[in-house]
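As the structure is a prediction and not an experimental result, all values here were calculated from the model. Just the heavy atoms: all of them, side chains too, but no hydrogens, waters or symmetry mates, feed the values below.
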Amino acid sequence: MSRIALWLGLGLALSVWPAQAEKSSDFFKFYQGYNDDGKAFLDKIEPKIGTVDLAEGVHLTLGDKFYFLNKKDTASVLTEAWGNPASSAADSVGMIFPAKYDPIADGNWGIELRWEKIGYVDDGDAASIDYGELLRTMQADTLSGNDQRAKDGFPPITLIGWASPPVYDSVNKRLHWAKELQFGDDTVHTLNYDVRFLGKEGVFVMSYIATVEQLPEIRQSLDEVLGLAAFNTGKKYTDFIPGSDTVAAVGIGGLIAGKLAAKAGLLAVALIALKKFGLILLVPLAGVWRFIRGNKRTS
């Protein structure tokens, strides 16, 4: 074998290398800046880089700019580090973080991963949706749910508007949009940025957990994030068999509005997400300080 062929083969092997768990003390550059509690928390999680295969028929190709946390570690981040109830992590299959942020860093952001096995989503309505009218309907739905949220002990939610209007990529079957939200009288607004990958059996969900102030950084990351996930052969949107495979009860507009759960007699998917993200964003900004020693760190 020639030297060139050897190097090409090695490069190909490395490019598809399966996920490797990293030692937190070596992986996180600010590890030594935390107190003992912070180090102990990071020691028990296992960031993974490389290619990650999920049971849902999705594979992630993370490169060197992102890392993955499995379901167990995600639950630890959402509940122990960020102060959310255990139910907030029930549907998560993992999280992705930019490599420059650890999960307890001040000012970080992450992406929660979920799988919604709702069936094949017919995208025939995508080109005809009036997103202005859809937003007004969502604002009214959000407002109407505030009485129940108050009874449940949560602050009211105001859907301010689109932080980034919906975009549907009909070629790659990917949908993304962002909402700007206000919880109670909070002056720092919440960013609810959602990405949906459409497959044969359902939708793979990526939900950014961030604040509106981080929107420029989120937008800058979006193209790379959209390239991280893909369905395996047999699970792709194009693998759908009419008359044989299950068809979802909603189209593109329903995914954005979160109408599927409402049809099942539950709270709308979007409102569940809003409540969850409100907790995540309201609590961790104070809670993570127990992990930090000395002055505020900068990244």
Side-chain angles (χ1 to χ4, degrees), residues 18-25 27-28 30-31 34 37-63 65-117 190-197 202-211 214 218 221 224-226 228-230 269 272-288 290-291:
Q20 300 293 311
E22 297 286 316
K23 187 176 180 181
S24 292
S25 57
F27 187 80
F28 296 121
F30 290 117
Y31 177 89
Y34 289 105
D37 287 342
K39 291 176 182 176
F41 179 83
L42 292 178
D43 283 341
K44 71 177 184 177
I45 66 174
E46 297 183 343
K48 295 179 174 65
I49 58 174
T51 301
V52 177
D53 286 308
L54 301 175
E56 294 72 22
V58 175
H59 67 268
L60 307 173
T61 305
L62 301 173
K65 293 185 178 180
F66 298 89
Y67 63 91
F68 171 80
L69 297 183
N70 64 21
K71 182 177 179 67
K72 176 177 174 292
D73 289 344
T74 292
S76 293
V77 170
L78 294 179
T79 59
E80 295 176 43
W82 291 7
N84 295 276
S87 59
S88 67
D91 297 327
S92 300
V93 299
M95 285 189 77
I96 294 172
F97 286 89
K100 65 181 179 179
Y101 293 135
D102 63 64
I104 55 176
D106 179 38
N108 69 357
W109 55 265
I111 303 172
E112 184 196 14
L113 310 178
R114 300 191 308 280
W115 167 242
E116 296 177 355
K117 192 174 182 179
T190 297
L191 177 68
N192 191 193
Y193 209 126
D194 282 299
V195 180
R196 300 288 190 274
F197 298 80
V203 180
F204 184 63
V205 180
M206 287 186 173
S207 293
Y208 282 87
I209 301 173
T211 62
Q214 293 170 306
I218 300 303
S221 76
E224 286 183 307
V225 167
L226 288 173
L228 296 182
V269 171
I272 294 172
L274 301 189
K275 180 173 69 174
K276 177 166 60 177
F277 292 138
L279 288 168
I280 286 173
L281 290 167
L282 289 171
V283 176
L285 296 181
V288 298
R290 73 182 188 275
F291 296 132

### Task
Taking side chain to side chain contact (heavy atoms under 4.5 Å, CB included) as the test, write out the residues that go with Thr74, two or more places apart.
Leu69, Leu78, Ser92, Met95

### Task
Could you tell me the separation between the CD atom of Glu116 and the CD atom of Glu56, rounded to the nearest 0.5 Å?
11.5 Å

### Lys117: salt bridge (Lys or Arg N to Asp or Glu O under 4.0 Å) partners, not counting sequence neighbours
none

### Task
Before giving the answer on side chain to side chain contact (heavy atoms under 4.5 Å, CB included), spell out for Tyr31 and Asp102 the whole-Å C-alpha distance, their side-chain angles and the decisive distance to 0.1 Å.
CA-CA 9 Å; Tyr31 177 89; Asp102 63 64; over 6 Å; no

### Query
Atom CD1 in Ile96, atom CG in Leu113: separation rounded to 0.5 Å?
4.5 Å

#### Entry: Side-chain donor or acceptor of Lys23 paired with backbone N/O of Glu46 under 3.5 Å
no

### Query
Where do Ile209 and Glu112 land on the side chain to side chain contact (heavy atoms under 4.5 Å, CB included) test, with the steps shown first?
CA-CA 7 Å; Ile209 301 173; Glu112 184 196 14; 4.2 Å; yes

### Task
Any chance you could lay out the salt bridge (Lys or Arg N to Asp or Glu O under 4.0 Å) test for Lys44 and Glu80, step after step, and finish with the verdict?
CA-CA 12 Å; Lys44 71 177 184 177; Glu80 295 176 43; 2.4 Å; yes

### Message
List the residues meeting salt bridge (Lys or Arg N to Asp or Glu O under 4.0 Å) with Lys65, not counting sequence neighbours, and say none if there are none.
### Response
Glu224

### Query
With sequence neighbours left out, what residues match Trp115 under side-chain hydrogen bond (donor to acceptor under 3.5 Å, both in side chains)?
none

#### Entry: Inter-residue atom distance Ile111.CD1 - Leu228.CG, 0.5 Å rounding
7.0 Å

### Message
I'd like to check the ring pair (Phe, Tyr, Trp, His ring centres under 6.0 Å) partners of Tyr67; sequence neighbours left out, ordered by chain and number.
### Response
Phe27, Phe28, Phe97

### Residues that Ala75 engages under side chain to side chain contact (heavy atoms under 4.5 Å, CB included), provided they are two or more places apart
Ala89

### Task
In sequence, state the C-alpha distance, the side-chain angles, and the governing distance for Asp194 and Tyr208, and then conclude on side chain to side chain donor-acceptor pair (under 3.5 Å).
CA-CA 6 Å; Asp194 282 299; Tyr208 282 87; over 6 Å; no

### Task
To the nearest 0.5 angstrom, please state how far the OG atom of Ser76 sits from the CZ atom of Phe41.
5.5 Å

### Query
Is there a side-chain contact between His59 and Val52 (heavy atoms, below 4.5 Å)?
no

### Query
Do side-chain atoms of Asn108 reach the backbone of Pro103 as a donor and acceptor pair under 3.5 angstrom?
yes

### Message
When you compare the side chains of Ser24 and Asp43, does any donor N or O come within less than 3.5 Å of an acceptor on the partner?
### Response
no

### Query
CG/Leu60 to CD1/Ile49 distance, rounded to the nearest 0.5 angstrom?
13.5 Å

